[in-house]
Amino acid sequence: MSIELERNTKAEQGVLGIQRWIIASLRYQRFFSLDELNDAISILLDKYNNKIVKRFNKSRSELFNELDKPNLQTLPKERYVYKEYKEATVNVGYHVSLDKCEYSVPFEYLSKKVQIRYSNSTVEIYYKNSLIATHTKLHFAGSNSTKTEHMPKSHQYQSLKTNPGSFLNWANNIGINTVYWVKKELKSVKHPPNVYNKLNAVLSLSKIHGKKELDLALQYALQNSLSKTSSIKSILDKKLYLQKELSDIHSHQIINYHENLRGNIYH
């Protein structure tokens, strides 16, 4: 038997011994609250620890004071905080995603792989074991935390491949409705990088469905106040924009060919 296993076995036997002794001592008593039971256990626990162990001719309290207590260290000033870890890649908007929320890092870490260490209250972002960003933990999906100091200076910002102008140029190459939609999305946030992922995902749909189809889909989305990426994908997949066109044509035909309609020859 290994030393570690032997230690674990002795610890389990110790717990079992005190458990049986306390339960046996209380088996005929009736308690009406948890506090009352805990008080009774506390008294018996002290009594058990002060009993003389024949093998050592000393009590467990005496052994603790002689062997363990001198080696105890002071407790840390701050309570231990449980943290979880996650690796992520910094996206085009110099943010990382965690639990459907976005956190900024200094822009020079674009496309770098970083480590996120987070608790229920804080988010720490490291690059090669060096802390590069700290945020308060967000708890609502879709929220973002962007720090001004993480944003590049204006001249550096414009020189980046990804900026508002690059998305507007891309949109202009697709259609007028796409330009209007991109402008609307950029205005909806305080920091443009917070929508870069969304803009990139939606505009890239033109490579799958075609430019004309995406522009019509975004026209439909704007008219129906739909902004989620999943909604726009659904419009394209179901070709909802074509249903509207057919509806408009049908309405036009009814108006033009109604037998009671007075045409331009009526006097």
Side-chain angles (χ1 to χ4, degrees), residues 1-90 95-106 109 112-145 147 149-150:
M1 182 181 294
S2 66
I3 295 176
E4 188 65 30
L5 181 59
E6 185 178 355
R7 287 174 178 170
N8 290 339
T9 302
K10 288 183 177 179
E12 290 171 1
Q13 289 174 346
V15 171
L16 183 61
I18 192 171
Q19 179 182 337
R20 287 175 175 172
W21 189 81
I22 289 178
I23 291 176
S25 301
L26 299 176
R27 65 186 184 276
Y28 296 121
Q29 297 186 45
R30 180 176 294 181
F31 300 94
F32 298 94
S33 71
L34 186 60
D35 288 337
E36 188 180 350
L37 175 60
N38 285 333
D39 289 341
I41 291 175
S42 179
I43 294 171
L44 289 174
L45 188 60
D46 290 338
K47 186 176 180 181
Y48 183 85
N49 286 328
N50 289 324
K51 287 174 57 178
I52 300 298
V53 180
K54 293 181 180 179
R55 181 181 173 185
F56 302 106
N57 198 32
K58 292 182 180 180
S59 68
R60 291 175 177 80
S61 295
E62 290 174 318
L63 291 171
F64 170 78
N65 288 326
E66 289 180 13
L67 303 176
D68 296 317
K69 191 173 183 178
N71 294 303
L72 292 178
Q73 298 180 1
T74 56
L75 292 172
K77 292 182 179 179
E78 297 181 0
R79 294 175 63 89
Y80 172 77
V81 178
Y82 173 75
K83 293 183 179 181
E84 295 191 52
Y85 298 82
K86 175 188 175 181
E87 287 192 349
T89 299
V90 181
H95 284 66
V96 293
S97 296
L98 174 66
D99 296 337
K100 298 182 179 179
C101 295
E102 300 278 325
Y103 300 88
S104 67
V105 301
Y109 293 96
K112 301 291 185 183
K113 288 188 178 296
V114 296
Q115 186 183 55
I116 306 174
R117 305 178 190 176
Y118 61 99
S119 66
N120 193 48
S121 58
T122 60
V123 173
E124 298 174 334
I125 304 169
Y126 292 80
Y127 178 68
K128 293 184 177 180
N129 296 320
S130 295
L131 181 65
I132 60 174
T134 304
H135 295 267
T136 300
K137 182 72 165 60
L138 302 173
H139 297 282
F140 296 97
S143 302
N144 61 74
S145 176
K147 294 193 173 182
E149 60 266 29
H150 293 163

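The shown structure was predicted, so the numbers you read here are calculated from the model rather than taken from an experiment.
- Val114 places a side-chain heavy atom less than 4.5 Å from the side chain of Val90.
- In this structure, CD1 on Ile18 lies 5.5 Å from CG on Asn49, to the nearest 0.5 angstrom.
- Between His135 and His150, the angle of the ring planes goes over 60°, which puts this pair in the perpendicular group of the 30/60° scheme.
- Here the side chains of Tyr126 and Ile132 are not in contact, with every heavy-atom distance at 4.5 Å or above.
- For the pair Leu131 and Ile125, the minimum side-chain heavy-atom distance is 4.5 Å or more.
- Pro70 and Phe64 make their closest contact through CD-O, 4.4 Å (heavy atoms, listed as atom of the first residue, atom of the second, distance).
- Applying the side chain to side chain donor-acceptor pair (under 3.5 Å) criterion to Asn65, with sequence neighbours excluded, gives no partner residue.
- Listed for the Ser97 side chain is no donor-acceptor partner under 3.5 Å among the backbone atoms of Lys100.
- With hydrogens and angles disregarded, no donor-acceptor distance shorter than 3.5 Å links the side chain of Thr122 to the backbone of Ser119.
- Annotation for Leu138 and Tyr103: closest pair N-OH, 2.8 Å, computed over non-hydrogen atoms.
- Heavy-atom minimum distance, Tyr48 versus Gly17: OH-C, 3.9 Å.
- Scanning for salt bridge (charged side-chain N to carboxylate O under 4.0 Å, His left out) contacts around Glu124 gives Lys83, with sequence neighbours left out.
- With sequence neighbours left out, Lys47 forms a salt bridge (charged side-chain N to carboxylate O under 4.0 Å, His left out) with no residue at all.
- Nearest heavy-atom pair across Ile116 and Ala88 is CD1-CB, 3.9 Å.
- In this structure, CG on Leu34 lies 9.5 Å from CG on Asp39, to the nearest 0.5 angstrom.
- More than 12 heavy atoms of other residues, nucleotides or ligands lie within 6.0 Å of NZ in Lys137, so this atom counts as buried by the packing criterion.
- Ion pairing of Lys58 with Glu66 is present here, as a side-chain N (NZ or NE/NH1/NH2) and a carboxylate O approach within less than 4.0 Å.
- Within the model, atoms CG of Leu45 and CG of Asn38 stand 11.0 Å from one another, a figure rounded to the nearest 0.5 Å.
- Side chains of Arg27 and Gln29: no donor on one and acceptor on the other come within 3.5 Å.
- No donor-acceptor distance shorter than 3.5 angstrom exists from the side chain of Asn57 to the backbone of Val53, with no hydrogens or angles considered.
- Closest approach of Ser104 and Ala133 over heavy atoms only: O-CB, 3.7 Å.
- Counted by atom type alone, Asn50 and Ser61 present one or more donor-acceptor pairs between their side chains at under 3.5 Å.
- The shortest non-hydrogen separation linking Lys86 to Tyr118 is CB-CE2, 4.3 Å.
- Atom CD1 of residue Ile22 and atom OG of residue Ser42 lie 9.5 Å apart, to the nearest 0.5 angstrom.
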Show, in sequence, the C-alpha distance, side-chain angles and deciding distance for Tyr82 and Asn120, and conclude whether the side-chain contact (heavy atoms from CB on, under 4.5 Å) test is met. CA-CA 8 Å; Tyr82 173 75; Asn120 193 48; over 6 Å; no
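- The 12-atom threshold is exceeded at CG of Leu72, counting heavy atoms of other residues, nucleotides or ligands nearer than 6.0 Å.
- Put simply, the side chain of Trp21 reaches to within 4.5 Å of the side chain of Lys51, judged on heavy atoms.
- Under the 4.5 Å side-chain criterion, counting only non-hydrogen atoms from C-beta, Leu26 is in contact with Leu37.
- Residue Lys147 qualifies as enclosed at atom NZ: its count of foreign heavy atoms under 6.0 Å is above 12.
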